[in-house]
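Presented below is the structure to which this report refers.
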Amino acid sequence: QVQLVESGGGLVQAGDSLRLSCAASGRTFSNYAMGWFRQASGKERELVAAINWDGGRTYYADSVKGRFTISRGNAKNTLYLQMNSLKPEDTAVYYCAAASNFGIRLNRAEYDYWGQGTQVTVSS
């Protein structure tokens with residue numbers, strides 16, 4: 001079992017920045033590929049960014065490319081999402097997830113463990 005706890009969400013204005021963190025415990029963090037997903041009200045949960053086991057490869061959804069950065073600190077068992085130039089359409093609950101695989105996973109169904117989510121609200 002892997003336990004994931006997100007933090008860092010909040011209410012910000014358009015153009016501001018936030019950094020989300022996801023603390024992992026229970027198993028060897030570096031054995032897992034990780035991802036950040038988000039779910040806006042009334043919409044499906046979507047992949048925002050993903051990272052492989054050592055941080056050497058990353059993926060971004062087109063909607064956040066150039067604004068968001070995913071990274072991980074395996075020594076600290078923590079996943080990060082730096083979000084810059086936030087827009088109102090970024091408003092959602094953000095979830096971190098772990099996949100039992102070393103390589104990047106792009107399909108939501110491939111993720112085995114999920115955090116409880118953290119709310120990000122961007123006002124215009």
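The figures here come from the full heavy-atom set of this structure, side chains too, leaving out hydrogens, waters and symmetry mates.
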Open item on the list: Is the shortest side-chain heavy-atom distance between Asp16 and Leu18 below 4.5 Å?
Closed with: no
Open item on the list: Counting C-beta onward and ignoring hydrogens, is there a side-chain heavy-atom pair between Gln82 and Ser17 closer than 4.5 Å?
Closed with: yes
Open item on the list: Tell me whether Tyr32 shares a hydrophobic cluster with Trp53, the cluster being built from Ile, Leu, Val, Met, Phe, Trp, Tyr side chains joined at under 4.5 Å.
Closed with: no
Open item on the list: Using side-chain heavy atoms (C-beta onward) and a distance below 4.5 Å, is Val120 in contact with Met83?
Closed with: yes
TODO: Would you confirm whether Thr121, through its side chain, and Leu11, through its main-chain N or O, come within 3.5 Å as a donor-acceptor pair?
DONE: no
TODO: Using the six-membered ring of Trp114, assess whether NZ or CZ of Arg45 lies under 6.0 Å from its centre and within 45 degrees of the ring axis.
DONE: yes
Task: Least distance between heavy atoms, Met34 atom then Ile70 atom - done: O-CD1, 4.4 Å
Open item on the list: Please give me the minimum heavy-atom distance between Tyr94 and Glu6, naming the atom from each residue.
Closed with: O-OE2, 4.0 Å
Task: Atom pair CG (Asn84) and OG1 (Thr69), whose distance is rounded to the nearest 0.5 Å - done: 6.5 Å
- [ ] Look at Lys87 together with Asp90 and state whether they make a salt bridge at an N to O cut-off of under 4.0 Å.
- [x] no
Task: Lys/Arg cation over aromatic Phe29: Arg72, 6.0 Å, 45° cone - done: yes
Task: Lys43 to Gln39 - nearest heavy-atom pair and separation - done: O-NE2, 3.1 Å
Task: Over 12 foreign heavy atoms within 6.0 Å of CZ, Arg27 - done: no
Task: pair Gln119-Thr91: side-chain heavy atoms closer than 4.5 Å - done: yes
Task: Arg57 side chain reached by Ile51 side chain, heavy atoms, under 4.5 Å - done: no
TODO: Start with the C-alpha distance between Tyr95 and Leu4, add both sets of side-chain angles, then the distance that settles side chain to side chain contact (heavy atoms under 4.5 Å, CB included), and finish with yes or no.
DONE: CA-CA 9 Å; Tyr95 299 89; Leu4 302 171; over 6 Å; no
Open item on the list: With a 4.5 Å cut-off on side-chain heavy atoms, are Asn52 and Phe102 touching?
Closed with: no
Open item on the list: Tell me the closest heavy-atom pair linking Ala50 and Arg105, and the distance in Å.
Closed with: CB-O, 3.8 Å
Task: Pairwise side-chain contact, Ser63 with Arg38, heavy-atom cut-off 4.5 Å (strictly under) - done: yes
Task: Ring geometry between Phe37 and Tyr111 (parallel below 30°, tilted from 30 to 60°, perpendicular above 60°) - done: perpendicular
TODO: Kindly indicate, with the supporting measurements, whether the criterion side chain to side chain contact (heavy atoms under 4.5 Å, CB included) is fulfilled by Gln13 and Val122.
DONE: CA-CA 5 Å; Gln13 293 188 333; Val122 185; over 6 Å; no
Open item on the list: If you compare all heavy atoms of Lys65 against all heavy atoms of Tyr60, which two are closest, and at what distance to 0.1 Å?
Closed with: CE-O, 3.6 Å
- [ ] Taking Trp36 for its side chain and Tyr80 for its backbone only, find out whether a donor-acceptor pair lies under 3.5 Å.
- [x] yes
TODO: Please answer: with hydrophobic residues joined when any side-chain heavy atoms are less than 4.5 Å apart, are Ile104 and Val48 in the same cluster?
DONE: no
Open item on the list: Could you report the tightest heavy-atom contact between Cys96 and Leu79, atom names first, then the distance?
Closed with: CB-CD2, 3.9 Å
Task: Non-hydrogen side-chain atoms of Asp112 and Val2 separated by less than 4.5 Å - done: no
- [ ] Kindly work out whether a path of hydrophobic side-chain contacts (I/L/V/M/F/W/Y, heavy atoms less than 4.5 Å apart) joins Tyr113 to Leu20.
- [x] yes
